Amino acid sequence: MDSLALAIGVPLIAALAAAAFPARAQALGLAGALATTVASLQVTALVWQQGSLRSEPGGWGAPLGLALQADGLSAALIAMTALVALATAIYASGYFRPGNRPREFWPLWLLLWTALNGTFLAADLFNLYVNMELLGLAAAALGALGGQPAAVAASLRYLLIGLLGSMTYLLGVALVYTAYGTLDMDLVAAALRPGPVAGTAMVLMTGGLALKAALFPLHFWLPPAHANATAPVSAALSALVVKAAFYLVLRLWLDVFTPLVTPAAAHLIGLLGAAAVVWGSWRALRAERLKLLAAYSTVAQIGYLCLFFPLLQATPPGTAREDLLAALVLMALTHGFAKSGLFLAAGLVQQSAGHDRIKELGGTAQHLPATTFSIALAGTALIGLPPSGSFIGKWLLMTSAVQTGQWWWIAAVMTGTLLAAAYVFRVLGQAFNLEPTPRRFLTQGRTELPALLLALTSVAVLGLAARPLWQLLQPGGAA
Amino acid sequence: MSRRASLAVSLLLGLLTLLLLWVFAQALAQQPGPRLAELAATELPRSAVSNPVTAVLLNYRAYDTLLELAVLLAALLGIWSLGAASPGYQPAGPALEVMADWVVPLLILTGGYLLWVGAHAPGGAFQAGALLGAAGVILRLAGHQRAGLPSESSQRLLAVSGTAVFAAVGLATLAFGAGFLTYPPDWAKWLILLIETAATLAIGTTLAAAYVGGQPPENPEGVRSR
Amino acid sequence: MTAQFLFGGAGLVLFALGIWSFLVHEPLLRKLIALNIMGSGVFHLLIATAERGDLPPDPVPHALVLTGIVVAVSATALALALGRRLEEEDPDG
């Protein structure tokens with residue numbers, strides 16, 4: 001069986017079933033989430049064994065037909081998506097109250113998952129556009145689900161910005177087709193000749209995607225959209241959807257526009273990344289609401305990922321470069337798990353306290369011990385304390401910065417880390433007060449456990465067992 | 001936006017346009033030959049349809065089209081999630097009423113024709129679906145609360161059907177060992193027609209339902225009564 | 001070649017006009033129309049690319065444009081529904 005097609009077909013079929021039978025949407029949705037997780041992890045397992053996979057829906061093959069492709073990078077992100085989305089789905093089944101359960105959550109959720117897997121597996125530039133639109137529409141619709149005016153307004157803005165990004169991207173694709181007569185990524189990479197056409201296409205496509213990835217200074221739409229959505233949706237938007245756009249920038253720069261990635265271009269991305277780290281962390285520190293804090297912290301985390309670009313550019317192919325790429329993926333995965341855990345926990349705080357104003361969170365630790373613990377764990381990963389995955393990631397980032405003589409990035413990393421420590425401890429400091437000790441650690445397992453497990457994964461699993469990730473990213477497969 | 005800022009934006013975009021025009025001229029000059037046109041034409045006999053655009057949409061790049069139908073569905077689900085539709089328009093006057101009685105059947109008939117002719121001439125599921133959607137718009141304008149569509153549960157089945165049939169065909173060919181959306185040559189023509197028929201119904205339903213703009217009203221009667 | 005350049009170039013001008021309008025105008029409807037004009041610009045360019053003189057045109061860009069149109073319609077419909085929902089909440093805003 002074609003595991004790549006299944007990773008897209010299974011969530012799609014499940015979404016259709018949940019859309020057609022709204023009365024059973026939750027049961028169908030949970031079953032679909034489980035099946036999609038199995039299908040996704042199968043892709044990761046096969047990439048682990050074989051190094052890379054390719055399949056051709058329709059059987060025509062490039063350039064006339066389309067192709068799906070998976071390598072270590074996409075397999076790692078697909079596995080992260082599967083685990084985060086499954087945990088969030090279980091959380092959602094307990095989070096929405098029976099009375100006000102949004103009917104369209106499950107089909108849209110599974111369509112979002114379809115689009116995420118489709119994006120990570122696509123090998124065709126136009127197919128990516130369709131995937132991104134599916135992702136953008138499903139994400140905007142999910143973001144508005146609560147129906148509160150703030151959420152609807154933020155989702156509308158997110159949708160419009162997303163469309164602006166897609167149109168810009170599509171113009172780049174049109175130029176590529178005009179000049180090279182193909183849309184397959186590998187064939188475009190082979191035909192590419194550095195020059196004004198390729199350069200403009202790269203700028204247009206990267207610009208469009210940077211808008212969707214909320215790369216500083218194009219991040220302005222992100223905090224309201226992520227902070228006002230319902231908790232499971234915020235988790236998916238921050239942990240997964242933004243990553244998909246970032247993944248595409250990385251993919252295009254590493255594999256398609258390789259000859260055009262000059263030191264200047266890579267440094268520009270690095271500079272924007274540094275600005276995002278400092279600005280995002282600063283705004284997170286100043287945020288009055290917990291979910292807004294989490295959203296600004298996402299802006300900063302995307303910034304860290306961008307800092308890898310100038311270093312990757314300056315490092316010649318070899319072990320050092322492989323380490324650097326693995327560190328980037330490790331940071332992306334750690335952030336995915338930590339941020340989804342944080343948003344899910346913040347949702348519980350909001351539900352229990354009726355608000356998420358940080359200054360008035362006193363006593364949360366006593367009411368919701370497991371949730372407070374999740375926030376602390378996720379915070380550990382966001383700061384980058386050992387043993388979290390981002391500790392290793394930042395360590396390798398700074399080592400590489402010294403080795404390539406670009407020591408100035410270290411300043412940005414240090415500033416961001418200090419600010420992150422400040423904003424995490426600010427929340428934790430407010431969560432405790434002098435009320436009596438907690439009664440029970442877990443109060444509501446169905447929602448608290450997924451958040452806890454996600455946060456725990458970001459700290460313990462990814463940090464202590466990062467080795468398999470290095471093996472997965474090996475070009476020839478691990479086994 | 002202040003006057004000065006908007007002037008600056010205009011100036012920058014003017015420069016961008018000139019740059020893009022120059023780049024486009026360069027791109028045309030570095031002609032890559034026939035692009036995919038020749039290939040699409042030589043493979044046409046194997047695609048089971050003789051209209052090359054339909055061959056691209058439903059055979060060479062069928063997976064794109066499958067996702068595109070999913071995009072349409074996502075939009076409709078998003079619209080429905082926002083709550084009930086607004087009451088709509090008051091019943092039409094006699095002139096519009098008579099026109100709707102004439103135009104709607106004509107649109108449906110033309111839609112069916114375009115669906116069939118799409119295999120060998122310009123036409124196909126999207127054109128046909130757009131006409132069905134237009135019929136729905138006219139009915140809604142003429143006072144039909146549900147734009148001529150059936151109950152909500154039936155609308156759901158119709159809207160899902162296009163993507164569902166498409167995906168089911170894809171998974172069936174996969175199960176029979178031919179690969180995702182790889183049609184067996186003997187069946188290709190009929191499978192494409194099946195997918196297109198379902199897609200037409202789904203597109204028509206979705207467009208009309210999107211025009212209604214919310215969850216369909218429970219009781220559409222009182223529809224044409226004044 | 002000249003016709004191709006003029007047709008595609010008109011698309012580029014539409015694209016730039018769309019961005020301009022998107023950036024300069026505040027109301028939702030104008031922003032949405034601007035996005036659709038940007039889209040039309042890109043579709044224009046793709047159609048120009050498909051042109052091959054006396055030979056039959058390249059069907060691939062034509063199919064891409066059809067797909068793009070459906071995607072654009074879907075996005076526009078969702079954006080309008082979101083906008084109307086906002087207006088119901090706050091008729092003045």
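Just so we're on the same page: letters track the sequence lines, and every chain starts at 1. Note that the structure is predicted; figures quoted are calculated from it, not measured.
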Student: Heavy-atom pairs under 4.5 Å with chain B: which of A:Gly58, A:Gly199, A:Pro107 has the most?
Tutor: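 Heavy-atom pair counts peak at A:Gly58.
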Student: Against chain A, label B:Leu158 side chain, backbone, both or neither, depending on which of its atoms sit under 4.5 Å from a heavy atom there.
Tutor: neither
Student: What verdict does the side-chain contact (heavy atoms from CB on, under 4.5 Å) test give for A:Val173 and A:Tyr129, after you've listed the backbone C-alpha separation in whole Å, the side-chain angles of each residue and the deciding distance to 0.1 Å?
Tutor: CA-CA 9 Å; A:Val173 176; A:Tyr129 162 75; 5.7 Å; no
Student: How far does CG of A:Leu211 sit from OG1 of A:Thr206, to the nearest 0.5 angstrom?
Tutor: 12.5 Å
Student: Under a 4.5 Å cutoff for heavy-atom pairs, which residue among B:Glu43, B:Gln26, B:Glu68 has the most contacts with chain A?
Tutor: B:Glu43
Student: Please identify, among A:Pro57, A:Gly59, A:Ala15, the residue contributing the most non-hydrogen atom pairs under 4.5 Å to chain B.
Tutor: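 Option with the greatest count: A:Pro57.
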Student: Parallel, tilted or perpendicular for A:Trp109 and A:Phe105, by the 30°/60° rule?
Tutor: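 Parallel: the ring planes of A:Trp109 and A:Phe105 meet at under 30°.
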Student: Give the member of B:Leu157, B:Thr182, B:Leu20 that has the highest number of heavy-atom pairs under 4.5 Å with chain A.
Tutor: B:Thr182
Student: Would you say the side-chain atoms of B:Ser154 and B:Ser151 include a donor-acceptor pair closer than 3.5 Å?
Tutor: yes
Student: For chain B, which candidate among A:Asn127, A:Leu145, A:Thr200, A:Val152 shows the most heavy-atom pairs at distances under 4.5 Å?
Tutor: A:Asn127
Student: Most heavy-atom pairs under 4.5 angstrom with chain B, which of A:Leu142, A:Asp124, A:Thr182?
Tutor: A:Asp124
Student: Are side-chain N/O atoms of A:Ser166 and A:Glu133 paired as donor and acceptor at under 3.5 Å?
Tutor: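 A pair is found: one side chain offers a donor N or O, the other an acceptor, under 3.5 Å apart.
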Student: For B:Leu76, which atoms come within 4.5 Å of any heavy atom of chain A: side chain, backbone, both, or neither?
Tutor: neither
Student: Contact part of A:Leu111 toward chain B, heavy-atom cut-off under 4.5 Å: side chain, backbone, both or neither?
Tutor: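 Just its side chain gets close to chain B.
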Student: Please look at B:Gln155 and chain A and tell me whether the side chain, the backbone, both or neither of the residue comes under 4.5 angstrom of a heavy atom of that chain.
Tutor: neither
Student: Which residue out of B:Val71, B:Val160, B:Asp64 racks up the most heavy-atom pairs below 4.5 Å with chain A?
Tutor: B:Asp64
Student: Given a strict heavy-atom distance threshold of 4.5 Å, which part of B:Gln215 is in contact with chain A: side chain, backbone, both, or neither?
Tutor: side chain
Student: Below 4.5 Å from any heavy atom of chain B, which atoms of A:Leu68 appear? Answer side chain, backbone, both or neither.
Tutor: side chain
Student: Go through B:Lys189 and B:Val49 one step at a time and tell me if the side-chain contact (heavy atoms from CB on, under 4.5 Å) criterion holds.
Tutor: CA-CA 7 Å; B:Lys189 186 180 177 198; B:Val49 287; 5.7 Å; no
Student: Less than 4.5 Å to any heavy atom of chain B: does that hold for the side chain of A:Leu16, its backbone, both, or neither?
Tutor: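 Contact with chain B is through both the backbone and side chain of A:Leu16.
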Student: Quick one: does any side-chain atom of A:Trp106 pair with a main-chain N or O of A:Ala18 as donor and acceptor, under 3.5 Å?
Tutor: no
Student: Determine, stepwise, if the pair B:Arg61 / A:Glu56 fulfils salt bridge (charged side-chain N to carboxylate O under 4.0 Å, His left out).
Tutor: CA-CA 10 Å; B:Arg61 298 180 69 93; A:Glu56 285 157 354; over 6 Å; no
Student: Which bit of A:Leu112 is near chain B, if near means a heavy-atom gap under 4.5 Å: side chain, backbone, both or neither?
Tutor: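 Answer is neither: A:Leu112 stays 4.5 Å or more from chain B.
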Student: Let's test your reading of the structure: which of B:Tyr60, B:Tyr183, B:Trp80 forms the most heavy-atom pairs below 4.5 Å with chain A?
Tutor: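 Top count of heavy-atom pairs under 4.5 Å with chain A: B:Tyr60.
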Student: Can A:Phe96 and A:Thr230 be said to form a side-chain contact (heavy atoms from CB on, under 4.5 Å), step by step?
Tutor: CA-CA 9 Å; A:Phe96 294 120; A:Thr230 50; 4.1 Å; yes
Student: What residue, out of A:Leu64, A:Val130, A:Thr114, has the most heavy-atom pairs lying under 4.5 Å from chain B?
Tutor: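 Counting heavy-atom pairs under 4.5 Å, the top option is A:Leu64.
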Student: With only heavy atoms counted, which part of A:Leu12 is less than 4.5 Å from chain B, the side chain, the backbone, both or neither?
Tutor: side chain
Student: Take A:Met167 and A:Leu164 through the test side-chain contact (heavy atoms from CB on, under 4.5 Å) and record every step on the way to the result.
Tutor: CA-CA 5 Å; A:Met167 284 305 160; A:Leu164 184 66; 5.8 Å; no
Student: Counting heavy-atom pairs closer than 4.5 Å to chain B, which one of A:Gly147, A:Ala138, A:Pro22 comes out on top?
Tutor: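 Most pairs with chain B among the choices: A:Pro22.
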Student: Relative to chain A, which segment of B:Leu77 carries a heavy atom at a distance below 4.5 Å: side chain, backbone, both, or neither?
Tutor: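 Backbone plus side chain of B:Leu77, per the 4.5 Å heavy-atom cut-off to chain A.
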Student: Given heavy-atom pairs under 4.5 angstrom as the criterion, report whether the side chain, backbone, both or neither of A:Leu204 touches chain B.
Tutor: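 For A:Leu204, the contact with chain B is made by the side chain alone.
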Student: Which heavy atom of A:Ala7 sits nearest to which heavy atom of A:Val43, and what is that distance?
Tutor: CB-CG2, 3.9 Å
Student: B:Leu67, B:Leu181, B:Leu36: which one forms the most heavy-atom pairs within less than 4.5 Å of chain A?
Tutor: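 Of the options given, most contacts go to B:Leu36.
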Student: Going by atom types alone, do A:Gln69 and A:Asp186 pair a side-chain donor with an acceptor below 3.5 Å?
Tutor: yes
Student: What distance separates B:Ile195 CD1 from B:Thr65 OG1, expressed to the nearest 0.5 Å?
Tutor: 9.5 Å
